[in-house]
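Only a predicted model underlies this, so the values are computations on that prediction, with no experimental measurement involved.
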Amino acid sequence: MLTVSLHKPEFLSFSHYGFRDLHKFSRIPSPWTIAMSNYSGSSETRKKEELSIQVPPTSISSSETQRLAGTDLRFDRLQVPEKELMHDRKFEFGQFMAREAVIDEEYWTAAWLRAESHWEGINDRYVDNHKRKFAEQEFHAIKRRRTSLHGQKCRCIIMVRKEDKNVKRTVLKGVVGTLDLSVRCLLHGETFPGERVKAPLFCSIHGTGPNRYGYVANLCVPKSARRQGIATNMLHFAIELVKSNGIEHAYVHVHRNNTPAQKLYEKMGFEIVEAASSQLVEEQTYLLCCKA
């Protein structure tokens, strides 16, 4: 199983600088309406949306996170029992289970994993402060992305350790991976996401039909959980969810120097969108597409 990360050679990394906003199997039985999230193209935003699979072990202290995120979060909270989950959109493999995050503590843990990934390998005396600020901002961003216009949502998918009757785990220890999955629509005249076209000043965006596509962002697994197939299986789960909603294509951005990331996506059926390459030269990214 391949694992990934960004900043140092010793980590295999998927850098999703091209993300447009700030990631055998049983078939999902019923359609799922996933969501469209806002589409922005700033380079700063892209730097925040990073795919990293090998990062240092997550070190989240209760006092630190409580101070950052507010007293409503309980960082001694145990994992949500599987019998209390209200949906059946999940994928189990080995000792892990992929599903949608359902409580704030899970959103916060996902945000912290992304902060660890984003700042790994950066030598800065204030790096811990940067991580805390990044995690707090990402936590609130995840909450905002969950609900957008027209009731559409961006799903925060997490991979958790399965229940063990002999072990009680907190949410912080139970979440071992995360990604964002959204459904977006091509703008008028676009043939791929972000294509530079001359669109009318006023045009409609249709949320149904072939214009819809899935978009994966913020795929992240901590170092302590790597090399167990977590990244691959979360990505597989995301693709199946896209497929179950009647959508034919899923997209992802990856840094051009990130060969390990490209190889992982190729194994999952993604191919480089050649028509987009010339438009992404300055950003040093590739746009990849998978037919779901």
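Counting heavy atoms from C-beta outward, Leu73 and Phe139 have side chains that approach closer than 4.5 Å. Between Phe96 and Val176, some side-chain heavy-atom pair lies under the 4.5 Å cut-off. Within the 4.5 Å cutoff, the side chain of Tyr286 has no heavy atoms near those of the His255 side chain. Taking the side chain as every heavy atom from C-beta outward, Asp104 and Lys143 approach each other to under 4.5 Å. Looking at Phe192 and Gln279, their side chains come closer than 4.5 Å, going by heavy atoms from C-beta outward. No side-chain heavy atom of Met97 sits less than 4.5 Å from a side-chain heavy atom of Glu163. Inter-residue side-chain proximity for Tyr215 and Pro193 is flagged as unmet; no heavy-atom pair is nearer than 4.5 Å. Looking only at side-chain heavy atoms (C-beta outward), His249 and Leu186 stay at 4.5 Å or farther from each other.
One finds the CD atom of Glu274 at 10.5 Å from the CG atom of Leu287 (value rounded to the nearest 0.5 Å). The line from CD of Glu136 to CH2 of Trp108 is 6.0 Å long, rounded to the nearest 0.5 Å. The distance from the OH atom of Tyr265 to the CG atom of Leu288 is 8.0 Å, given to the nearest 0.5 Å. Here CG of Leu179 is found 12.0 Å from CD1 of Ile230. Values are rounded to the nearest 0.5 Å. For the atom pair Gln95 CD and Gln228 CD, the distance stands at 5.5 Å (nearest 0.5 Å). If you take OG1 on Thr285 and CG on Leu280, they are separated by 4.0 Å, rounding to the nearest 0.5 Å.
At least one donor-acceptor pair closer than 3.5 Å links the side chain of Arg212 to the backbone N or O of Asn245. A donor-acceptor pair under 3.5 Å links the side-chain atoms of Glu190 to the main chain of Leu187, judged by distance alone. Using a distance-only test at 3.5 Å, with no hydrogens or angles considered, no donor-acceptor pair links the side chain of Arg77 to the main chain of Glu105. A donor-acceptor pair is defined here as one N or O able to donate and one able to accept, closer than 3.5 Å; such a pair exists between the side chain of Gln262 and the backbone of Arg256. Side chain of Thr178 to backbone of Ile157: a donor-acceptor contact under 3.5 angstrom is found. The main-chain N or O of Arg161 is found under 3.5 Å from a side-chain atom of Gln79 such that the two form a donor-acceptor pair.
Using a 4.5 Å cut-off between side-chain heavy atoms of Ile, Leu, Val, Met, Phe, Trp and Tyr, with links allowed through other members, Leu172 and Leu78 fall into different hydrophobic clusters.
Shortest non-hydrogen contact noted between Val281 and Gln284 is O-NE2, 2.9 Å. Of all heavy-atom pairs spanning Gly214 and Ile247, the tightest one is N-CG2, 3.8 Å.
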Practice task
Take Glu266 and Lys263 through the test salt bridge (Lys or Arg N to Asp or Glu O under 4.0 Å) and record every step on the way to the result.
Solution key: CA-CA 5 Å; Glu266 287 172 2; Lys263 288 182 178 179; over 6 Å; no
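Residue-environment remark: NZ (Lys162) exceeds the threshold of 12 foreign heavy atoms within 6.0 Å. In this structure, Glu82 places its CD atom where more than 12 heavy-atom neighbours from other residues, nucleotides or ligands lie under 6.0 Å away.
Ion pair Glu106/Arg99 flagged as a salt bridge, since at least one NZ, NE, NH1 or NH2 atom sits closer than 4.0 Å to an Asp/Glu carboxylate oxygen. Look at Lys131 and Glu138 and you find no salt bridge, because none of the NZ, NE, NH1 or NH2 atoms lies under 4.0 Å from a carboxylate O.
The side chain to side chain contact (heavy atoms under 4.5 Å, CB included) with Leu181 is formed by just one residue from the set Ile239, Leu241, Leu235, Leu219; it is Leu241.
Using a 3.5 Å distance cut-off with no hydrogens or angles, the side chains of Arg146 and Tyr107 do pair a donor with an acceptor.
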